[in-house]
Asks: 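Dropping the structure in here first, questions after.
Residues: numbered from 1 along the sequence shown.
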Amino acid sequence: RGLPYLRLICIMMVIIAMARPMISGEANIKKEGIAIVLAIDCSSTMLAEDLQLGPSGLVAFFEDPAAKKVKRFNRIDAVKEVAREFVKAGPNNMNGVVIFAAYAYVICPPTFDQEWVLSSIDRIKVGMIKDATAIGSGILAGVNSLSTVKAKSKIIILLTDGNNNYGKVPPIVAAKTAKSFGVKIYTIGIISKSQTLYPTKDEQGRKDYEYVNIAFDETVLRNIAEL
């Protein structure tokens, strides 16, 4: 007597199987890394060609800029290369990118999307922003991008080769603001031991070089880091 019902159940099961139902399963991956913003100086002085990448991949000072056997890197390209390696080394960290010259912009908010961070670093070029060096603005942009982020530690890594010569907010005031938000700042300064090779153009518009002095305020960077 139950055979007709059994047949009906079998037909229903076949129909359901043909519909290929799927159960969505969500896996929550908990990442307890730190939130880091790279604040990168992209003012015109970052075009100076006085760096090389050593065998370990780290940036080394280039003692003989006139040598032709060693590939020179300008400061912005060397910083970008190191920034890429830094991001790749911390897959569980949130990373963001701020660029600054006369003004500061967040080009990548803190995110776990490593590919997006790396592509944002690749886009950085000198000339994207009006030329000057507003270190205070760079710090504040980093603090702002970290303000809504939940992380066990919040850090700004400030990379610059100049001294603050623009912006309404002094670097120390910006650093105090960062401290009030619980944001630590690590400062990395790029400085030449003497005059550095800088690209120019000759009378015919061809690329040429000259040696220049680039001002650098190490005291301010030390004070920011200590604060």
Asks: How about CD on Gln204, more than 12 heavy atoms from neighbouring residues, nucleotides or ligands closer than 6.0 Å, or not?
Replies: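 Buried by this count: over 12 neighbours within 6.0 Å.
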
Asks: Membership question, hydrophobic clusters at under 4.5 Å side-chain separation (ILVMFWY): are Leu221 and Ile172 in the same one?
Replies: yes

Asks: Look up atom OG in Ser119 and atom CD in Gln114, then write down how far apart they are to the nearest 0.5 Å.
Replies: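 Between atom OG of Ser119 and atom CD of Gln114 there are 11.0 Å.
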
Asks: Please test Arg222 against Glu218 for salt bridge (Lys or Arg N to Asp or Glu O under 4.0 Å), starting from the C-alpha separation and ending with a verdict.
Replies: CA-CA 6 Å; Arg222 287 188 177 276; Glu218 183 176 354; 2.9 Å; yes

Asks: For the pair Val169 and Leu140, evaluate side-chain contact (heavy atoms from CB on, under 4.5 Å) and give the outcome as yes or no after the intermediate values.
Replies: CA-CA 9 Å; Val169 181; Leu140 289 182; 3.6 Å; yes

Asks: Is any side-chain heavy atom of Ile40 less than 4.5 Å from a side-chain heavy atom of Phe100?
Replies: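 Of all side-chain heavy-atom pairs linking Phe100 with Ile40, none is under 4.5 Å.
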
Asks: Going hydrophobic residue to hydrophobic residue with side-chain gaps under 4.5 angstrom, can you get from Ile107 over to Ile76?
Replies: yes

Asks: Quick check against the 3.5 Å criterion: does Glu210 have a side-chain atom that pairs as donor or acceptor with the backbone of Thr200?
Replies: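 No, because the side chain of Glu210 does not come within donor-acceptor range (under 3.5 Å) of the backbone of Thr200.
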
Asks: Lys184 side chain to Ile155 main-chain N or O, any donor-acceptor pair under 3.5 Å?
Replies: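 The answer is no, because no donor-acceptor pair under 3.5 Å joins these two groups.
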
Asks: With rounding to the nearest 0.5 angstrom, report the OG1 to CD1 distance, Thr160 to Ile139.
Replies: 10.0 Å

Asks: Looking at side-chain heavy atoms only, is the closest gap between Leu38 and Asn95 below 4.5 Å?
Replies: no

Asks: For the atom pair CG (Leu197) and CG (Asn74), what is the distance rounded to the nearest 0.5 Å?
Replies: 11.0 Å

Asks: Under 3.5 Å, side chain of Asn93 to main-chain N/O of Ala35, donor-acceptor pair present?
Replies: no

Asks: Under 4.5 Å between any side-chain heavy atoms of Ile190 and Met46, yes or no?
Replies: yes

Asks: Going by heavy atoms in the side chains, are Ile36 and Ile157 under 4.5 Å from each other?
Replies: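 When only atoms from C-beta onward are counted, Ile157 and Ile36 do touch, with a gap below 4.5 Å.
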
Asks: Give the minimum heavy-atom separation between Ala132 and Tyr166, together with the two atoms involved.
Replies: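 Ala132 and Tyr166 have their closest heavy atoms at CB-CB, 3.6 Å.
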
Asks: Supply the atom-to-atom distance Cys42 SG to Tyr105 OH, rounded to the nearest 0.5 angstrom.
Replies: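 Output value for this atom pair is 10.0 Å.
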
Asks: Under the side-chain contact (heavy atoms from CB on, under 4.5 Å) rule, what do Phe181 and Leu146 come out as? Steps first, then yes or no, please.
Replies: CA-CA 9 Å; Phe181 278 90; Leu146 289 167; over 6 Å; no

Asks: Apply salt bridge (Lys or Arg N to Asp or Glu O under 4.0 Å) to Lys207 and Glu49, showing your working.
Replies: CA-CA 13 Å; Lys207 188 175 182 179; Glu49 296 184 13; 3.4 Å; yes

Asks: Please evaluate residues Thr133 and Asn164 with respect to the criterion side chain to side chain donor-acceptor pair (under 3.5 Å), reporting the C-alpha separation (whole Å), side-chain torsions for both, the decisive distance (0.1 Å), and the verdict.
Replies: CA-CA 5 Å; Thr133 305; Asn164 191 78; over 6 Å; no

Asks: Linking I/L/V/M/F/W/Y whenever their side-chain heavy atoms sit closer than 4.5 Å, directly or via other members, would Met128 and Leu118 fall into one cluster?
Replies: yes

Asks: Of the non-hydrogen atoms in Met94 and Pro110, which two are nearest, and what is the gap between them?
Replies: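 Looks like CE-O, 3.3 Å.
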
Asks: Donor-acceptor check, side chain of Lys168 to backbone of Gly136, threshold 3.5 angstrom: yes or no?
Replies: no

Asks: Mind listing the closest non-hydrogen atom pair of Val220 and Pro171 along with its distance?
Replies: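 Distance-wise, the nearest heavy atoms are CG1-CB, 3.9 Å.
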
Asks: Decide yes or no for Lys179 and Ile185: does some side-chain heavy atom of the first lie under 4.5 Å from some side-chain heavy atom of the second?
Replies: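 Not in contact.
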
Asks: How far does OG of Ser44 sit from CG of Asp161, to the nearest 0.5 angstrom?
Replies: 8.5 Å

Asks: If you measure from OG1 on Thr196 to CG on Leu51, what distance do you get to the nearest 0.5 Å?
Replies: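 Rounded to the nearest 0.5 Å, the OG1-CG separation comes to 7.5 Å.
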
Asks: Any heavy-atom pair between the side chains of Leu158 and Tyr186 that's under 4.5 Å?
Replies: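 No - every pair of side-chain heavy atoms lies 4.5 Å or more apart.
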
Asks: Would you call Phe73 and Glu81 a side-chain contact if the rule is heavy atoms closer than 4.5 Å?
Replies: no

Asks: Check for a donor-acceptor pair, side chain of Asp208 on one end and backbone N or O of Lys201 on the other, with a separation under 3.5 Å.
Replies: no

Asks: Would a single hydrophobic cluster contain both Val173 and Ile135, if residues Ile, Leu, Val, Met, Phe, Trp and Tyr are joined by side-chain heavy-atom contacts under 4.5 Å?
Replies: no

Asks: Carefully, step by step, assess Asn163 and Phe216 under the rule side-chain contact (heavy atoms from CB on, under 4.5 Å).
Replies: CA-CA 5 Å; Asn163 58 348; Phe216 181 79; over 6 Å; no

Asks: Identify whether Trp116 and Phe86 are in the same connected component of the hydrophobic contact network (ILVMFWY, side-chain heavy atoms under 4.5 Å).
Replies: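 Trp116 does not cluster with Phe86.
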
Asks: I'd like to know if Asp122 pairs up with Lys80 as an ion pair, taking the criterion as any Lys NZ or Arg NE/NH1/NH2 lying under 4.0 Å from an Asp or Glu carboxylate oxygen.
Replies: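 No, no charged N to carboxylate O under 4.0 Å.
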
Asks: Quick one: closest heavy-atom pair of Ala104 and Val98, and the distance?
Replies: CB-CG1, 4.4 Å

Asks: Could you tell me if Ser43 and Asp131 have a donor-acceptor pair between their side chains, going purely by distance under 3.5 Å?
Replies: no

Asks: Contact between Asp50 and Arg75 at the side-chain level, heavy atoms closer than 4.5 Å - yes or no?
Replies: yes

